[in-house]
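These notes are about the structure you will find just below.
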There are 2 protein chains.
Amino acid sequence: MTETGLPASIEAAWGVQRPARGPKRALSLARIVTAAVVVADAEGLDGLSMSRVAAELGTSAMSLYRYVSAKDELLTLMSDAVFGDAAEVTPGADWRTALTELAWGCIRGYRAHPWTVRIPISGPPVTPNQLRWLEAGLAALAPTPLTAAEKMSTLLMLSGLARNDATLAHDIGATGDMMPNYAKALRHLLPQAEFPHLFAMLDTDVMTQDDHPDVEFAWSLDRFLDGLAALITAKSQ
Amino acid sequence: MTETGLPASIEAAWGVQRPARGPKRALSLARIVTAAVVVADAEGLDGLSMSRVAAELGTSAMSLYRYVSAKDELLTLMSDAVFGDAAEVTPGADWRTALTELAWGCIRGYRAHPWTVRIPISGPPVTPNQLRWLEAGLAALAPTPLTAAEKMSTLLMLSGLARNDATLAHDIGATGDMMPNYAKALRHLLPQAEFPHLFAMLDTDVMTQDDHPDVEFAWSLDRFLDGLAALITAKSQ
DNA sequence: GCACTTCTGTTTACGTTATACGCAGCTGTA
DNA sequence: TACAGCTGCGTATAACGTAAACAGAAGTGC
């Protein structure tokens, strides 16, 4: 904790240096975070232990605590690192295409590093890439007649939409191979009288045959943006 | 694992009995789950250990493994227990009010037991209350011209919306007391030149003064339902 | 009524985890 | 040059989930 009330590692991520006394530092926060991302990519979030990350860097687990005061902080920084290029928007785009690009930027990060969704959100956004994404979203919404609160709600919902899609793709899709079994299990277990619509759904190939996940997210995103567009045009009159 | 390929505890939740040999069972799955919910309510998900749940019931930790083969299964059942009354819809309601009620049913569960959002989704829905909720949603959407895939996408998005709202309310709202500090911290840390819109947002009271969370969710929900209504009327011609 | 089987709760133990503590040495400043 | 403070590192600790083995209880078949 420092003057800002934020953990020192977060400040370090923003480039705040600490007084340089003592021996040269053997590691850096950036190296630790990238090593942790490598481990998580290879072995998942369950395989990510401080020892494992330290082994990747050739040091001991406790050395990392010189840079990060708890594992949660490392997770927060890992989560931020994943969204390095999620905030890039083609300049001059209207709000709808800009928001679409921002949403797909999130999806890109989630698809590349699916473990990200398992990291608990530990508070309001404070890391550089997260705030860059927020800034880009606010810039895109600046010309619209939405109130400040509505802009924030819009962006919170947008990122939540992406996170939700990634969660489903990761956790349900992981067991996607047993989807045929899934339908069979439901048919055995459910009392058909109480679940008529669900039984009808099992007969279609919707449950077993998964669409390309991008199609599903694009659909959800378009529903939301349609609703938002309706509000914007209504307020523009 | 049994014939359905599902864990025995899940089948037990559906009322499948096992052959009754050996001593009388001292506990029941339902008692274990409710005890675990009590513990999680009191001490959060981090404070929920098998020993802690067992202590709540006056037995030892290993006893629980006669009913649940892993902690994850217990978590799944806890998550299901929270949504006991989320699937209740006033009969005869049109699709929009029915979906609204279903969404608020989720929110009710999340608000009462915020730790639910931290439980990872371990697969497609298989527990009774989750499937009841799904069935109610499919029933509400039955009169609409949406395709089967679109109905599923709609309900997946609806539950994701609620989950997202709960996640934000829980993780960000937990640190809500330090929200004034948050704005101050950002002002200190961010380079203003790169974050003009965010700085402007900090001057409003949107970041610090949090609305009643229900307002925010209602807004998000209405945006989505507006977009869905547009699609439905377009398809109805 | 009795052996056998099956299921019960419990005990013990193991492997991992995050991380608190303490030490020895390096380095920038006075 | 002295020293204060920070460095990396090894060790130690407490808690966790759960595998394996065990003694006893309750049904089943003869």
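- Distance check, rounded to the nearest 0.5 Å: CZ of B:Arg163 to CG of A:Leu168 gives 8.5 Å.
- The CG-C1' distance, from A:Asp46 to D:dG17, rounds to 12 Å in whole Å.
- More than 12 heavy atoms of other shown residues, nucleotides or ligands fall within 6.0 angstrom of atom NZ in B:Lys71.
- Between A:Met50 atom CE and C:dA18 atom C1' the separation is 8 Å, expressed in whole Å.
- Listed by residue number, the members of residues 64-75 of chain B with any heavy atom below 4.0 angstrom from DNA chain D are B:Tyr65, B:Ala70, B:Lys71.
- Checking B:Leu161, B:Leu102, B:Asp165 one by one against B:Ile107, the side-chain contact (heavy atoms from CB on, under 4.5 Å) holds for a single residue, B:Asp165.
- Atom-to-atom, CE of B:Met62 to P of D:dC22 comes out at 15 Å; the value is rounded to the nearest Å.
- Ion pairing between B:Asp80 and B:Arg132 fails under the 4.0 Å rule for side-chain N and carboxylate O.
- In this structure, A:Glu43 atom CD and C:dT17 atom P are separated by 10 Å, rounded to whole Å.
- In the set C:dG9, C:dT10, D:dG10, C:dG9 carries the atom at the smallest distance from any side-chain atom of B:Arg25.
- Distance from the side chain of A:Ser49 is smallest to C:dT17 among D:dG10, C:dT17, D:dA19.
- With hydrogens and angles left out, the side-chain atoms of A:Ser60 and A:Ser63 include a donor and acceptor closer than 3.5 Å.
- Annotation: cation-pi pair B:Arg25/B:Tyr67 present, NZ/CZ under 6.0 Å from the ring centroid and within 45° of its normal.
- For C:dG9, the OP1/OP2 oxygens have no side-chain nitrogen or oxygen of B:Ser60 closer than 4.0 Å.
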